[in-house]
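Note on naming: letters A, B, ... go to the chains in the order of the sequence lines (proteins, then strands), and numbering restarts at 1 for each one.
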Amino acid sequence: MDQYLTKTNCINCKRSSTCFTQRIDYCKDFFFLEKAHINFKKGETIIKEGTFVSSIYFVLEGLVKVYLEGPNKNVIIKIIKSNDFLGLTSLFGDNTYYFSATALSDTTICSIDLDVIKRLLSENCKFTQEIVKWYCGNYNLMFTKCFNLGQKQLNGKLASILLYLNEDKFKSENIYSHLTRKDLAELSGMAPESVARILSKFNDDKIIKLKGKKVEILNMELLKSIDKNG
DNA sequence: GCATTAACCACAG
DNA sequence: CTGTGGTTAATGC
């Protein structure tokens, strides 16, 4: 029976087997420190742009969309799933979040005090490496994003997002069942109508197969070339 | 100018 | 919320 909020340290945590703590050197101070596990229902806001940062989150379970809020529509930066950090980009800087995050499915996060993370960074090389790796991955993802939003035409924009959602890490997540067409639009930086139109065009051209909300890729080569060439 | 592209709008399911 | 069709504005040839 899951409580809404539990506190545990990394020694007693039932989820530690998949956690980043498995990949770093043991550090007594950190591992024994109590952390809060917090549950969010589907649709709940986890982080709101502009609020002060007091802790870093590690997603234990669920799917989360990370996005920037605009007056009429948002820009979804990325979708994250279990075993990923949330809020690391606010580790340094002006101590506010530059993005919002909401749960796409029921989500459990581990909340770790910001200063504790900073201390661990200076003390634990493996952890520092882990974090730098995270930044590199995200930085490169953002390059792709910039190119997508700034340079590509609709076909290419959508193709890029379909490829992103087809990545191995999302394979087990039934990702499309948690995403609306509007989400796809905000992910790819296009109007929802355009998403619908081009999805059905891809479907007609046998590049993908639409099964309700799900999208199955039939012609990977062609999709990749559309992604590349627009 | 004409063609293409893509957002906006309205409406139906 | 989706999907479709028409309209419109911007851009390119």
Side-chain angles (χ1 to χ4, degrees), chain A residues 39-50 59 61-82 84 86 97-109 140-167 169-230:
Chain A
N39 295 316
F40 293 89
K41 296 253 158 55
K42 180 186 169 77
E44 254 187 301
T45 299
I46 300 171
I47 290 175
K48 180 82 180 171
E49 196 174 325
V59 179
E61 187 72 52
L63 278 175
V64 177
K65 67 171 170 183
V66 173
Y67 59 99
L68 304 179
E69 295 188 40
N72 301 313
K73 54 185 176 181
N74 302 326
V75 177
I76 300 180
I77 301 298
K78 58 177 178 172
I79 309 287
I80 61 177
K81 55 166 268 186
S82 55
D84 198 356
L86 174 61
Y97 288 113
Y98 278 60
F99 61 87
S100 297
T102 63
L104 289 172
S105 64
D106 290 354
T107 294
T108 306
I109 58 120
N140 289 330
L141 187 68
M142 287 314 112
F143 285 154
T144 311
K145 195 101 213 159
C146 286
F147 190 73
N148 242 348
L149 298 180
Q151 290 278 321
K152 280 190 192 166
Q153 293 182 294
L154 295 186
N155 292 340
K157 284 182 176 176
L158 190 63
S160 171
I161 289 309
L162 294 179
L163 291 171
Y164 170 65
L165 295 174
N166 191 54
E167 283 175 21
K169 61 180 172 185
F170 296 130
K171 282 276 160 60
S172 56
E173 300 291 334
N174 233 323
I175 186 95
Y176 286 105
S177 62
H178 301 290
L179 295 173
T180 64
R181 292 283 129 109
K182 195 174 174 230
D183 286 330
L184 291 182
E186 293 182 346
L187 265 168
S188 50
M190 48 202 274
E193 298 94 325
S194 303
V195 171
R197 238 187 286 270
I198 289 171
L199 275 178
S200 66
K201 185 165 76 84
F202 282 177
N203 191 54
D204 291 343
D205 294 345
K206 302 273 188 287
I207 300 167
I208 60 169
K209 183 162 191 177
L210 294 174
K211 293 177 177 174
K213 287 182 80 177
K214 284 193 188 111
V215 178
E216 190 188 311
I217 296 178
L218 296 178
N219 191 337
M220 180 60 90
E221 288 314 305
L222 192 48
L223 193 62
K224 277 183 180 165
S225 92
I226 293 170
D227 172 44
K228 225 174 174 187
N229 306 313

*Rounded distance (Å) that lies between atom C1' of C/dC1 and atom NE2 of A/His178*: 17 Å
_What residues from residues 192-206 of chain A pass a heavy-atom cutoff of under 4.0 Å to DNA chain C?_
A/Glu193, A/Ala196, A/Arg197, A/Ser200
_Does atom NZ (A/Lys169) have a neighbourhood of more than 12 heavy atoms from anything else shown, all under 6.0 Å?_
yes
*asked:* Please list, in numerical order, the residues of residues 156-164 of chain A that have a heavy atom closer than 4.0 Å to any atom of DNA chain C.
replied: none
*Knowing that exactly one of A/Lys81, A/Glu173, A/Lys65 qualifies, which makes a side-chain contact (heavy atoms from CB on, under 4.5 Å) with A/Leu104?*
A/Lys65
*A/Lys48 and A/Glu69: CA distance, side-chain angles, deciding distance, salt bridge (charged side-chain N to carboxylate O under 4.0 Å, His left out) verdict*: CA-CA 9 Å; A/Lys48 180 82 180 171; A/Glu69 295 188 40; 3.1 Å; yes
*Does A/Lys157 come within less than 4.0 Å of A/Asp227, counting only side-chain N to carboxylate O?*
no
*With respect to A/Ile198, which candidate in A/Leu154, A/Leu162, A/Asn203, A/Ile226 satisfies the side-chain contact (heavy atoms from CB on, under 4.5 Å) definition?*
A/Leu154
_First and last nucleotide of DNA chain B, 5' to 3', lying under 4.0 Å from heavy atoms of chain A_ = B/dT5 to B/dC9
*Do other residues, nucleotides or ligands put more than 12 heavy atoms under 6.0 Å from A/Lys213 NZ?*
yes
*asked:* Check A/Glu216 with A/Lys211, please: is the shortest side-chain N to carboxylate O separation under 4.0 Å?
replied: yes
_Does this structure show an ion pair linking A/Lys182 with A/Glu186, if we count only N-O contacts that are shorter than 4.0 Å?_
yes
_A/Lys206 atom NZ, neighbour heavy-atom count above 12 within 6.0 Å_ = no
*Would you mind reading off the distance between A/Lys182 atom NZ and C/dG3 atom P, rounded to a whole angstrom?*
15 Å
*asked:* Before you tell me yes or no, could you show the steps for A/Leu86 and A/Ile80 under side chain to side chain contact (heavy atoms under 4.5 Å, CB included), namely the whole-Å CA-CA distance, both residues' side-chain angles and the distance that decides it to 0.1 Å?
replied: CA-CA 8 Å; A/Leu86 174 61; A/Ile80 61 177; 3.8 Å; yes
